[in-house]
Amino acid sequence: MPHIIVEHSSNIALDTPDFLAALHKTVASHESVNIGAIKTRAIPLDYTIAGDENDADTLMHITLKLLPGRDDATRKAMAQALYDTAQSFIRPTVSLSVEVMELDAASYTK
């Protein structure tokens, strides 16, 4: 915990190791997070559609999974920080979204 999962069109030019390291550090900068517990990964997707057929068909969705306990403002701040970090690595034509989800504390095991 936390988990950072980046799903993205495989045609996005991305320095994946540096990008993931930046996202990792972004989440680690929050006082409630221990950097040693973060798990970060990217999943390139060969087939994606974003918007209508005239769009570039490039998308990126970042999911941050956290154990319960953080308020809405903290989750929103973490999402915005990930969004801002990702924006600094990708072209403006990439359809970018970020979502924060809570893990089920009763069943999450590591």
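- Of all the heavy atoms in A50 and T58, the pair that sits closest is CB-O, 4.0 Å.
- Residue Y83 is grouped with residue M78 when hydrophobic side chains (ILVMFWY) are merged at heavy-atom distances under 4.5 angstrom, including chains of intermediate members.
- Remark: A106 pairs with D104 by the side-chain contact (heavy atoms from CB on, under 4.5 Å) rule, at least two apart or across chains.
- Atom CD of E99 and atom CZ of R75 lie 11.5 Å apart (nearest 0.5 Å).
- Contacts of E7 classified as salt bridge (charged side-chain N to carboxylate O under 4.0 Å, His left out), with partners at least two apart in sequence or in another chain: none.
- A 6.0 Å sphere centred on NZ of K39 holds more than 12 heavy atoms belonging to other residues, nucleotides or ligands.
- For T26, the side-chain contact (heavy atoms from CB on, under 4.5 Å) test picks out A81, L82, T85, with sequence neighbours left out.
- Contacts of H3 classified as side chain to side chain donor-acceptor pair (under 3.5 Å), with partners at least two apart in sequence or in another chain: R41, Y108.
- When atom types are taken as modelled, the side chain of S9 and the backbone of L59 share a donor-acceptor pair closer than 3.5 angstrom.
- Looking at residues two or more places apart in sequence or on another chain, you find no salt bridge (charged side-chain N to carboxylate O under 4.0 Å, His left out) involving D46.
- Partners of D18 under the side-chain contact (heavy atoms from CB on, under 4.5 Å) rule, at least two apart in sequence or in another chain, are D15, F89.
- Between the side chain of S10 and the backbone N or O of L45, at least one donor-acceptor pair lies under 3.5 Å.
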